[in-house]
2 protein chains.
Amino acid sequence: MHSFTEENYLKAIYHLSEGNLMAVSTNQIAEMTNTKAASVTDMLKKLSEKKLINYIKYQGVTLSNSGLNAAVNIIRKHRLWEFFLVEKLGFKWDEVHDIAEELEHINSATLINRLDDFLGNPAVDPHGDPIPDRSGLIKHKKLVKVSEMKAGEQGTVSGVSEHSSVFLKLLEKLGLTLGSKIMITELIEFDGSIILTINQKTDRTISREVAKNILVML
Amino acid sequence: MHSFTEENYLKAIYHLSEGNLMAVSTNQIAEMTNTKAASVTDMLKKLSEKKLINYIKYQGVTLSNSGLNAAVNIIRKHRLWEFFLVEKLGFKWDEVHDIAEELEHINSATLINRLDDFLGNPAVDPHGDPIPDRSGLIKHKKLVKVSEMKAGEQGTVSGVSEHSSVFLKLLEKLGLTLGSKIMITELIEFDGSIILTINQKTDRTISREVAKNILVML
DNA sequence: TAATAATTTTAGATTAGCCTAAATAAAATA
DNA sequence: TATTTTATTTAGGCTAATCTAAAATTATTA
């Protein structure tokens with residue numbers, strides 16, 4: 001198997017290339033893994049030799065098939081553990097990330113598949129992110145940023161693109177959790193902030209910055 | 001916190017000194033941790049500097065208070081995870097050791113205390129070993145080896161002192177699991193093997209070697 | 001108790017993952 | 001396009017945990 005550290009690099013590359021599909025740069029990886037560019041170069045050489053990535057000097061990096069496979073598997077584990085922590089152990093959605101970051105490296109296919117069954121094969125984790133199934137398949141839902149919605153539009157909060165505790169706690173305070181039905185009441189031209197109605201009851205104003213990180217199913 | 005490796009050394013010292021209360025030797029630790037004596041010496045110096053052990057060159061080693069504390073905590077985690085794997089995920093008692101060996105190093109007091117509550121604060125793990133409570137207290141039951149019982153004596157199988165999969169699978173096959181009521185039917189003088197009656201139904205013969213590793217509550 | 005055997009420690013190397021500083025390549029801009 | 005800036009890589013080192021081989025200590029036994 002791959003080392004703890006190798007797994008973290010693969011995960012970082014996966015997250016950075018999601019959406020873009022572009023090659024990921026050394027500096028991006030360094031930032032995400034809290035290391036220096038020189039250390040990243042070292043590791044890229046190693047991952048490249050193991051055929052987990054496609055790496056050309058100075059040209060950035062993409063995951064190979066086996067690298068992608070490994071990355072998705074780690075993400076599957078991370079999200080299943082997060083689900084477990086919230087649903088079974090009563091953690092809040094802003095408390096689980098760091099613990100799942102450790103649990104995701106536990107190495108046993110049997111364990112994770114049994115956990116999956118025990119949890120009822122959930123489709124999404126507590127932040128609305130899809131959980132890859134045991135074959136590595138991810139069911140991406142088409143989600144829209146609140147910041148891209150028009151006045152009058154409605155939708156259901158189904159995900160977030162920022163996972164920090166500060167942000168999640170804010171949403172909690174605003175009453176914006178997964179499943180909340182929202183309607184765009186007004187778009188403030190001045191600073192791009194948005195007034196929305198939650199569950200046809202409460203009115204709240206959120207900044208454009210916050211709106212960008214809330215994902216909605218229309 | 002302590003490194004993964006430091007934790008494994010502390011655990012090894014704990015297990016080796018349990019019962020004996022004697023100082024543990026470098027070679028014993030090397031054997032238990034699958035390393036060489038020279039590596040152990042290096043680590044003992046390190047643990048000693050951290051005041052986790054009492055170490056005098058050539059004289060063996062004992063755990064200090066803080067070392068004992070750390071060791072018991074790891075054992076608490078190991079046993080709670082084993083309980084989880086068997087009771088919630090349907091693993092068999094001979095399958096859980098290696099996975100728990102990884103899970104025991106996950107670092108979160110909140111996690112382990114919530115897991116404890118989720119599991120109903122179990123007193124013993126799937127092998128009958130006592131689970132330390134959150135303050136580190138261990139309720140040792142007075143258990144007797146089957147090899148020390150006399151003909152006619154009865155008891156309940158309550159633990160094992162050998163945790164290998166081979167051994168546990170054998171017990172399974174013999175119908176000797178935790179909670180089985182046994183009675184010593186006959187002691188065979190020739191080789192020390194023992195004939196016993198399980199749950200007042202089945203008669204089985206076990207070798208002295210097996211009998212030594214089954215623990216019974218009288 | 002002196003010699004031998006066994007155990008433990010020291011000395012010196014190795015590997016993974018990280019670092020800083022310097023060199024090189026690519027991108028941006030004048 | 002030449003120059004400057006930025007990004008990336010190389011070179012050389014560091015630390016934790018391991019190893020082998022040799023030296024030192026303790027234990028055993030003749």
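Below, chain A is the first sequence line, B the second, and so on; all start at residue 1. Everything numeric in this text was worked out from a predicted model, so none of it was measured.
- Salt bridge absent: A:K169 and A:E172 never bring a charged side-chain N and a carboxylate O closer than 4.0 Å.
- Under a cut-off of 6.0 angstrom, the local environment of NZ in B:K50 is crowded, with over 12 non-hydrogen atoms contributed by other residues, nucleotides or ligands.
- Taking B:F83 as the reference, nothing meets the ring-ring contact (aromatic ring centres under 6.0 Å, His included) condition, with sequence neighbours excluded.
- For B:M43 and C:dT8, the CE to C1' distance is 17 Å, given to the nearest whole Å.
- With sequence neighbours excluded, no residue forms a ring-ring contact (aromatic ring centres under 6.0 Å, His included) with B:H2.
- In this structure, A:K45 reaches the D:dT10 phosphate: one of its side-chain N or O atoms is under 4.0 Å from OP1 or OP2.
- Donor-acceptor pairing under 3.5 Å is lacking for the side chains of A:N54 and A:S64.
- The existence of a salt bridge linking A:E209 and A:K212 is confirmed by a sub-4.0 Å separation between a basic side-chain nitrogen and an acidic carboxylate oxygen.
- Rounded to whole angstrom, the span from the CD atom of A:E7 across to the P atom of C:dA16 amounts to 16 Å.
- At whole-Å resolution of the value, CG in A:D42 and P in C:dC19 are 10 Å apart.
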Output a table of nitrogen or oxygen pairs between the protein and nucleotides 24-28 of chain D separated by less than 3.5 Å.
unit_1, atom_1, unit_2, atom_2, d
D:dT25, O4', B:Y58, OH, 3.4

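- Nearest-nucleotide positions on DNA chain C place B:S39 closer to the 5' end than the other of B:S39 and A:Y9.
- Using a 4.0 Å heavy-atom criterion, one finds that B:F4 contacts no nucleic acid atom at all.
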Going by atom type alone, with no hydrogens or angles, which donor-acceptor pairs under 3.5 Å involve a side-chain atom of residues 127-141 of chain A and a protein atom two or more places apart or on another chain?
unit_1, atom_1, unit_2, atom_2, d
A:H127, ND1, A:E82, OE1, 3.0
A:H127, NE2, A:W93, O, 2.7
A:D129, OD2, A:H163, NE2, 2.7
A:D133, OD1, A:S135, N, 2.8
A:D133, OD1, A:S135, OG, 2.8
A:D133, OD1, A:G136, N, 3.1
A:D133, OD1, A:L137, N, 3.0
A:R134, NH2, A:D116, OD2, 3.3
A:R134, NH2, A:D117, OD1, 2.9

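- Across the protein-nucleic acid pair, B:I56 atom CD1 and C:dT9 atom C1' stand 15 Å apart, rounded to whole Å.
- Under the 6.0 Å distance and 45° angle rule, B:K88 does not count as a cation-pi partner of A:F84.
- The residue A:T41 sits close to a base: some heavy atom pair falls under 4.0 Å.
- Near DNA chain C, defined here as any heavy-atom distance below 4.0 Å, the residues from residues 23-36 of chain B are B:S25, B:T26, B:N27, listed numerically.
- Every residue meeting the ring-ring contact (aromatic ring centres under 6.0 Å, His included) condition with A:F4, not counting sequence neighbours, appears here in chain and number order: A:H105.
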